[in-house]
Amino acid sequence: MKVLVINAGSSSLKYQLYNMTDESVLAKGLVERIGMDSSILTHKPAGREDVTEVSEILEHTTAIRKVIDILTDKENGVLSSVDEIQAVGHRVVHGGEAFKESALVDSASKAEIRRLFDLAPLHNPAAMMGIRAAESNMPGVPQVMVFDTAFHQTMPEKAYLYAIPRVLYKKYKVRRYGAHGTSHDYVSKAAAEYLDRPLEDMKIITCHVGNGGSVTAVQGGVSVDTSMGMTPLEGLMMGTRSGDLDPAIVPYVMNKEELSVSEVNSMLNKHSGLLAISGISSDMREITEGMEAGDANSTLAFEMYEYRLRKYIGSYAAAMNGVDVIVFTAGVGENSVVLRQKVCEQLTYLGVELDEALNAIRSGEPRRITTANSKVDVLVVPTNEELVIARDTHRIVLNSL
Ligand code: AMP
């Protein structure tokens, strides 16, 4: 079965086409600047040169048509006809409490997603645009939604409730949902596989640290706690997001600076984190360069980021009464040798013993970075959220036939 994976944002659309016979990627790409006058389609057919096209793409239906055109193009395509696409999988950020696992797209699941627009006003409407666009371009092809939140639906009440009046949960579903679930799910399973140990018996802390970031406590293969909350603002310090802060700061600053709700939202989501502290960039590569060049603000930004990540690891070891494996993944987790080193150097109380030579190796494969004596295995596992979406889509569509 060939499965097209779609990750639609408000002005962008990423795609990957999988051949599920061997889980190979036939092509992938990205449409950027949807709704603007010069939209860019970058198409990467496997083993061939990238292709870039600039045109006017005003909405998602046209974007998907362009993607289908290039996938079936005589010169740059990888399919002889659109009919070869037998299923479409969509990334959907928020599945609320309704979706504990991936689901077929039908009128009921679409209605539920619309009900969740309130909880993910930036992300879910974009996913819905992607779904509608795929439906209109590929009528009759089964589609599946895969949720960032679903993996965390196993969290117990004590982990997902906020200590605020319960009426707010009852009326508005104010609770913690988490995010990056497909990634935490994938890397925890990949870690167990790599170590050849049964997932059911393991306590794993997965650190998905990229531009956004979250840490999850995975016990017996299920998420028991995670650092993101009702929205992806809670938890770690991120590229441009504040992460945890005293909630009283919000009304205080709004009052002092006469900020509106949307202004304070923008401040915490887009103008905080590494960017705010370094004053230079939200990109960890630039922060690291700044630190190496002796820039005090970059150094402070790095230290805060690392310290907060390490505190979450400690709290999840406490939550699970121990930890067998710590996994680093995503852009920073997979690539920043120095971040992993600094974190691990302060985890000796857990029995972590870093092997600096192993930590310095770069490879696209799962690997251990601790010594044979280390009580806790620390791994680097490249994440693959698209593959999880393709696998879920394949399984659900096969089961529905
Ligand atoms: P992601 O959101 O998972 O794509 O991760 C993106 C982030 O990974 C970027 O903001 C970069 O700061 C970070 N990143 C990528 N490569 C490196 C690297 N070699 N060292 C440190 N950070 C990196």
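Both ligands and their constituent atoms are indexed starting at 1 by order of listing. Atom set for the values below is all heavy atoms of this structure, side chains included, hydrogens, waters and symmetry mates excluded.
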TODO: Only one of H94, H152, H123 passes ring pair (Phe, Tyr, Trp, His ring centres under 6.0 Å) with Y177; say which it is.
DONE: H94
Open item on the list: Tell me the protein heavy atom at minimum distance from atom 19 (N) of ligand 1, and give that distance in Å.
Closed with: N335 CB, 3.4 Å
Task: Identity and distance of the protein heavy atom lying nearest atom 13 (C) of ligand 1 - done: V332 CG2, 3.6 Å
- [ ] Indicate yes or no for a side-chain donor-acceptor contact from E32 to the backbone of S12 under 3.5 Å, with no hydrogens or angles considered.
- [x] no
Task: Flag: protein heavy atom within less than 4.0 Å of atom 4 (O) of ligand 1 - done: no
TODO: Using a strict 4.0 Å cut-off to heavy atoms of A330, name the atoms of ligand 1 that fall inside it.
DONE: 3 (O)
- [ ] Could you tell me which atoms of ligand 1, counted from 1 in the order shown, lie closer than 4.0 angstrom to a heavy atom of G210?
- [x] 1 (P), 2 (O), 3 (O), 5 (O)
Task: Lys NZ or Arg CZ of K173 over Y169 ring: under 6.0 Å, within 45° - done: yes
- [ ] Considering only non-hydrogen protein atoms, determine which one is nearest to atom 14 (N) of ligand 1 and report residue, atom name and distance to 0.1 Å.
- [x] G331 O, 3.6 Å
Open item on the list: Applying the salt bridge (charged side-chain N to carboxylate O under 4.0 Å, His left out) criterion to E97, which one of K170, R115, R175 satisfies it?
Closed with: R175
Open item on the list: Distance under 4.0 Å to a non-hydrogen atom of S336: what atoms of ligand 1 satisfy this?
Closed with: 21 (C)
- [ ] Starting from atom 7 (C) of ligand 1, locate the nearest protein heavy atom and write down its residue, its atom name and how far away it is, to 0.1 Å.
- [x] N211 N, 3.9 Å
Open item on the list: Distance check, rounded to the nearest 0.5 Å: S272 atom OG versus L245 atom CG?
Closed with: 8.0 Å
Task: Note: K311-D244 ion pair, threshold 4.0 Å (strictly below) - done: no
Task: All side-chain contact (heavy atoms from CB on, under 4.5 Å) counterparts of K270, not counting sequence neighbours - done: S266
Open item on the list: Yes or no: does D283 have any heavy atom under 4.0 Å from an atom of ligand 1?
Closed with: yes
Task: Within 45° cone of Y312 ring axis and under 6.0 Å: R308 NZ or CZ - done: no
Task: Taking atom 12 (O) of ligand 1 as the reference point, the nearest protein heavy atom with its distance - done: M284 N, 2.5 Å
Task: Which residue and heavy atom of the protein sit nearest atom 20 (N) of ligand 1, plus the separation - done: R285 CG, 3.7 Å
